[in-house]
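Take a look at the structure set out below.
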Amino acid sequence: MTHHSVAHALKASPGIETTVRGWVRTRRDSKAGLSFVAVSDGSCFDALQLVAPATLPNYQGEVLHLTTGCSIEATGTLVPSQGKGQSVEMQVASLRVLGMVDDPDTYPVSPKRHTFEYLRDYAHLRVRTNTFGAVARVRHCLAMAVHRFFHERGFFWVHTPIITASDCEGAGEMFRVSTLDAHRAAAAHVPSPTTAPNSPDFSQDFFGKEAFLTVSGQLNVETYACALSKVYTFGPTFRAENSNTARHLAEFWMIEPEMAFADIFDDMDLAEEFIKYLFKAALDERPDDMAFFNEHIDKTVIETLKKVIESPFERITYTEAVKLLEQAIARGRKFEYPVKWGANLQAEHEKHLTEEVFKRPVIVRDYPKEIKAFYMRLNDDGRTVAAMDVLAPGIGEIIGGSQREERLGVLDQRLDEMKLPKEAYWWYRDLRKYGTVPHCGFGLGFERLILACTGMQNIRDVIPFPRTPGNAKF
RNA sequence: UCCCCGAUAGCUCAAUGGUAGAGCGAGCGGCUGUUAACCGCUAGGUUCUAGGUUCGAGUCCUAGUCGGGGAGCCA
């Protein structure tokens with residue numbers, strides 16, 4: 001007797017005998033002498049309907065007591081369904097209970113509507129629901145598509161370090177990695193990860209110096225780009241920012257491609273092609289899950305994805321963006337924050353551009369150098385840098401990237417302006433000394449991509465076990 | 001970190017300062033090739049914690065804890 005996944009069974013031709021295993025979604029009894037048991041094993045969105053006749057030896061004793069969440073193994077014949085709602089069902093010859101639900105009244109994911117907020121407290125069980133199962137499958141589909149996309153284009157996947165003792169990443173607050181006695185460290189009154197006069201003696205620590213969890217693999221992956229030409233990272237990333245929003249996690253997954261012999265325009269082309277490839281993969285490979293999202297989560301998500309795939313992204317400069325916003329204000333549009341060249345675009349400004357002006361993804365480039373990182377390439381105007389952000393409707397910033405400063409003199413000048421210690425960047429500067437090349441790259445927040453793809457609203461609901469300030473449950 | 005809101009049955013929520021309620025879910029029964037089933041019955045509560053005001057507090061006051069939304073930072 002062969003064993004099949006529910007996904008396989010639903011596509012099998014009628015008459016086949018097989019065994020499926022999974023968890024009960026619902027049970028309905030009929031006095032016609034049978035029970036309908038919907039069983040799901042997560043292999044696809046749909047459950048398989050089992051038709052369990054009252055003649056089963058354990059019908060009274062077990063089948064009639066099956067509740068949502070019970071694990072079972074059923075053997076029988078796949079037949080065309082007599083009822084509506086499914087084309088195939090299994091006529092059960094034998095049904096074995098693997099695990100009952102102890103107390104159905106307190107089973108956290110009973111067959112009723114639950115709020116996502118409630119389900120976050122049951123992250124170990126929420127994946128058994130339609131929504132979280134669909135998210136998990138789409139997440140996998142997108143992860144595979146990321147690797148496929150780069151592999152097909154000659155990019156190499158580089159495993160940049162998770163732990164870094166480099167004090168030059170500078171992309172945000174970092175988590176400390178230490179084997180020093182926690183109480184001694186506390187007694188030393190360390191105010192922040194940056195070195196303080198009374199900080200512990202990190203020369204005694206595991207790495208002989210302060211170490212942290214990475215906030216970005218970019219600086220490391222640049223070294224590989226300057227040898228392998230086209231590379232990318234895809235791995236966990238950590239930010240110890242006290243961010244409490246639906247778009248931020250303390251631990252998230254980031255994708256960072258880096259290309260040598262390429263400029264900011266190549267970078268934008270890659271970002272656009274990448275997003276479109278990923279959206280298409282989700283639509284092509286997970287039509288069942290996407291149909292669910294479109295029906296129950298966001299009625300426009302499929303249409304939105306299709307539109308993104310079909311139409312070119314809008315591309316404007318920061319200066320043009322400011323002009324558009326000023327024009328909107330002149331027409332009477334109110335913003336909470338003022339619009340001024342030189343200031344960061346606020347979330348409300350980005351929303352206006354993507355959701356009201358263009359109604360599609362917008363790539364904004366050439367930002368004032370003062371509001372961007374030191375490594376971004378200085379433009380000829382001397383006051384902007386070759387940075388680009390991809391803004392998506394409903395999500396906001398989904399990609400941030402730039403052409404990197406490849407001229408040592410200019411890089412040093414920027415380090416000085418930002419009062420950063422050149423010594424710490426010695427290996428990064430070496431890349432500019434020894435055969436420097438123009439290069440560029442970007443960072444894509446994987447969970448933000450999943451938000452865009454599924455129409456889900458909260459980033460905590462698209463990662464299995466979200467880590468946020470004050471919460472590292474499970 | 002700042003602003004706003006919330007915490008009552010397994011879940012979602014009601015309840016002028018005056019006996020604690022409904023829907024869903026659960027259990028039992030009825031009905032039905034069922035599928036958001038339907039009908040009936042039943043069970044289920046330290047109203048987040050600690051103080052206070054009051055004859056009387058789920059309700060008002062104070063403090064705390066936890067959670068959510070928005071903002072900033074960013075991906």
B:G25 pairs with, by Watson-Crick or G-U criteria that keep both distances under 3.5 Å: none
Sugar-phosphate only, base, or nothing, as touched by A:Asn471 at under 4.0 Å among non-hydrogen atoms: nothing
Among B:A26, B:G68, B:G33, the one nearest A:Glu117 by side-chain distance: B:G68
B:A9 versus B:G23 - spacing of their C1' atoms, nearest Å: 12 Å
B:C2 pairs with, by Watson-Crick or G-U criteria that keep both distances under 3.5 Å: B:G70
Proximal nucleotide (of B:G33, B:C11, B:G70) relative to the A:Ala246 side chain: B:G70
Centroid-centroid distance, A:Phe150 to A:Phe274, less than 6.0 Å: yes
Nearest to side-chain heavy atoms of A:Pro104, which nucleotide of B:G27, B:C73, B:G30: B:G27
Nearest-Å distance for atom pair CD/P, residues A:Glu336 and B:A71: 9 Å
Closest nucleotide among B:C24, B:G72, B:U12 to the A:Gln346 side chain: B:G72
A:Arg148-A:Tyr277 side chain donor-acceptor pair, cut-off 3.5 Å: yes
Rounded distance in Å - NE2 (A:His296) to P (B:A36): 10 Å
Residue A:Phe36, side-chain atoms from C-beta onward, closest of B:C74, B:C28, B:G33: B:G33
Interatomic distance, A:Gln91 CD vs B:G33 C1' [rounded to whole Å]: 10 Å
Pair assignment for B:U19, Watson-Crick or G-U wobble, requiring both distances under 3.5 Å: none
Output field: ring centroids A:His124/A:Phe465 closer than 6.0 Å: no
Separation of B:C28 C1' from A:Asp29 CG (nearest whole Å): 13 Å
5' priority, RNA chain B, between A:Gly445 and A:Ala347 [closest heavy atom]: A:Ala347
Short side-chain N/O contact to B:G72 OP1/OP2 from A:Asn242, under 4.0 Å: no
Rounded distance (Å) that lies between atom P of B:A37 and atom CD of A:Gln49: 12 Å
Crowding at CG, A:Asp102 (>12 non-hydrogen neighbours, <6.0 Å): no
Between B:G67 (P) and A:Asn244 (CG): distance, integer Å: 9 Å
Contact under 4.0 Å: A:Ser243 side-chain N or O vs B:C73 OP1/OP2: no
Distance in angstrom units between A:Leu34 CG and B:U34 C1', rounded: 8 Å
Any A:Ser30 side-chain nitrogen or oxygen under 4.0 Å from OP1 or OP2 of B:G33: yes
Among B:C73, B:G25, B:C11, the one nearest A:Asn344 by side-chain distance: B:C73
Given B:C24, B:C74, B:G68, the nucleotide with the shortest approach to the side chain of A:Arg460: B:G68
Listed nucleotide nearest any side-chain atom of A:Tyr337, set B:U32, B:A71, B:C11: B:A71
Side chain of A:Lys112 - closest among B:C24, B:G27, B:U32: B:C24
Pairing nucleotide - B:G33, Watson-Crick or G-U, each distance under 3.5 Å: none
Side-chain H-bond candidate by donor/acceptor type, A:Tyr232 with A:His147, under 3.5 Å: yes
